[in-house]
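Chain identifiers are assigned alphabetically (A, B, ...) following the order of the sequence lines, protein sequences preceding nucleic acid strands; residue numbering begins at 1 within each chain.
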There are 2 protein chains.
Amino acid sequence: MPRPSTPLLSPGRIRSVALAIIDRDGLDGLSMRKLAAELGVQAASLYGHVRTKDQLLNDIASTVLSAVDVSGFEVDWREGLIRCARSYRAALLTHPNIVPFLAYGPAGRDESLQRLDLLHGALVDAGWSRREATMIAAGLMYIVFGAALSSFSSGFSSDPADYVDRYPHLDRAHLLPGVARELDRDSFELALAAFVRGL
Amino acid sequence: MPRPSTPLLSPGRIRSVALAIIDRDGLDGLSMRKLAAELGVQAASLYGHVRTKDQLLNDIASTVLSAVDVSGFEVDWREGLIRCARSYRAALLTHPNIVPFLAYGPAGRDESLQRLDLLHGALVDAGWSRREATMIAAGLMYIVFGAALSSFSSGFSSDPADYVDRYPHLDRAHLLPGVARELDRDSFELALAAFVRGL
DNA sequence: CGACTAACCGAACAGTGTTAGGTTAACTCA
DNA sequence: TGAGTTAACCTAACACTGTTCGGTTAGTCG
């Protein structure tokens, strides 16, 4: 079936279906063939709209991270940090399966750097030295990414019973999905508050 | 060539060569065939000593993380936290290319949980509630993993010139490998100190 | 000496990302 | 209106990947 009357594919549609697959089947669950099938198309056709799978993942990551809010700095730098961290975490939490991909480094993601640049500038404007600003921004990212990665809910909530016997101090209650999610949030808020207060 | 007089393979040798490949070529640079070739053997032979590649990576991760020091809690819980975090980061820094694998969650790694359990117990002994202990341990992991992941040195130090023009606040100096490494350390120490102080 | 196991190999399977070359619809312009 | 170009899809293939199956033989035990 050659060129259809109305195009079946577009970068946007590809990205959104790919993200849906990642959300449903995990990061390893996304393959170009599966993505193509879900779009009603053959795998090779994707390469007319997407340069490479890695680039596609980077684009998806960028759109996911576009929900990060860096507007709070106009009020107060502390408020800006907290709001930025919270919205960052919220964005990652909406699509947790893409987080492992981000772990490979912000190599080609332009918007991440742009955001980092803005955050850095705001801190400098607030009176911090360039070096301090860099370190503070880095520390904030540590907490955000650390929280997104080593979370209790996604980490090891598969079969609580296995853990209880061998790790006496890890309460089984911690591993119940509902509690785990709440615990993740509270741990994040604790770390964030301690960090910002300690500056 | 069938069964040789002295075995060519052993789990330990497989692990150490695999880790060397990961250090040299990155996580994606490790394939079972390449690993086998480097061991002077065919890929299929590995499966007599290793259940699966994922298991192999988990074993490697465990040996890397066995360098984590949780002995400081006998002195003081603050000292214990700091020493644990530092040694954890040091271990990850020795083999940075395996960090992205750890990002997939501590699913099957027994020793990680054992360590977490010990840390948790020590905090409870020091007077924290179970819930607080969990949150503190989690926060510590946030900083450690966040620092290992979103580091300046491994993140984007490939071609500094590209960044300078587009991100005015990110000083080029930050991207020089030597400075970046030092900046990573200082950022980590800042975040760690702020966190522990803020508790 | 015979049976058995342990350690390796060759070949294959199903799957991966990606590319080359072909086919045809839709658009552009004389 | 008709020719030429481009855009969007296809089939087929390449070089990989992790993993398994069925052999072949060296070492070991009874």
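- The side chain of B:Leu9 approaches C:dC8 more closely than any other nucleotide in the set C:dC8, D:dC10, C:dA11.
- What separates NZ of B:Lys34 from P of D:dT17 is a distance of 8 Å, to the nearest Å.
- Counting only heavy atoms from C-beta on, A:Ala44 has its side chain closest to D:dC10 among C:dG17, D:dT19, D:dC10.
- Residue A:Ser31 places at least one side-chain N or O closer than 4.0 Å to OP1 or OP2 of C:dT16.
- Distance from the side chain of B:Arg33 is smallest for D:dT17 among the nucleotides D:dT17, C:dT19, C:dG17.
- Side chain of A:Lys34 to backbone of A:Gly29: a donor-acceptor contact under 3.5 angstrom is found.
- Distance, A:Asp28 CG to C:dT16 C1': 12 Å, rounded to whole Å.
- A salt bridge does not link B:Glu38 to B:Arg13: none of the charged nitrogens lies less than 4.0 Å from a carboxylate oxygen.
- At a threshold of 4.0 angstrom between heavy atoms, the contacts of B:Leu30 are confined to the sugar-phosphate backbone, with no base atom among them.
- Nucleotide D:dT17 holds its P atom 12 Å from the CG atom of B:Leu35, rounded to whole Å.
- The phosphate of C:dC8 has OP1 or OP2 within less than 4.0 Å of a side-chain N or O from B:His49.
- Within the 4.0 Å cut-off from OP1 or OP2 of C:dG17, not a single side-chain nitrogen or oxygen of A:Thr52 is found.
- Between A:Gln42 and D:dC9 there is no side-chain polar atom (N or O) within less than 4.0 angstrom of OP1 or OP2.
- Taking the six-membered ring wherever Trp is involved, the centroid distance between the rings of A:Phe145 and A:Tyr88 falls below 6.0 Å.
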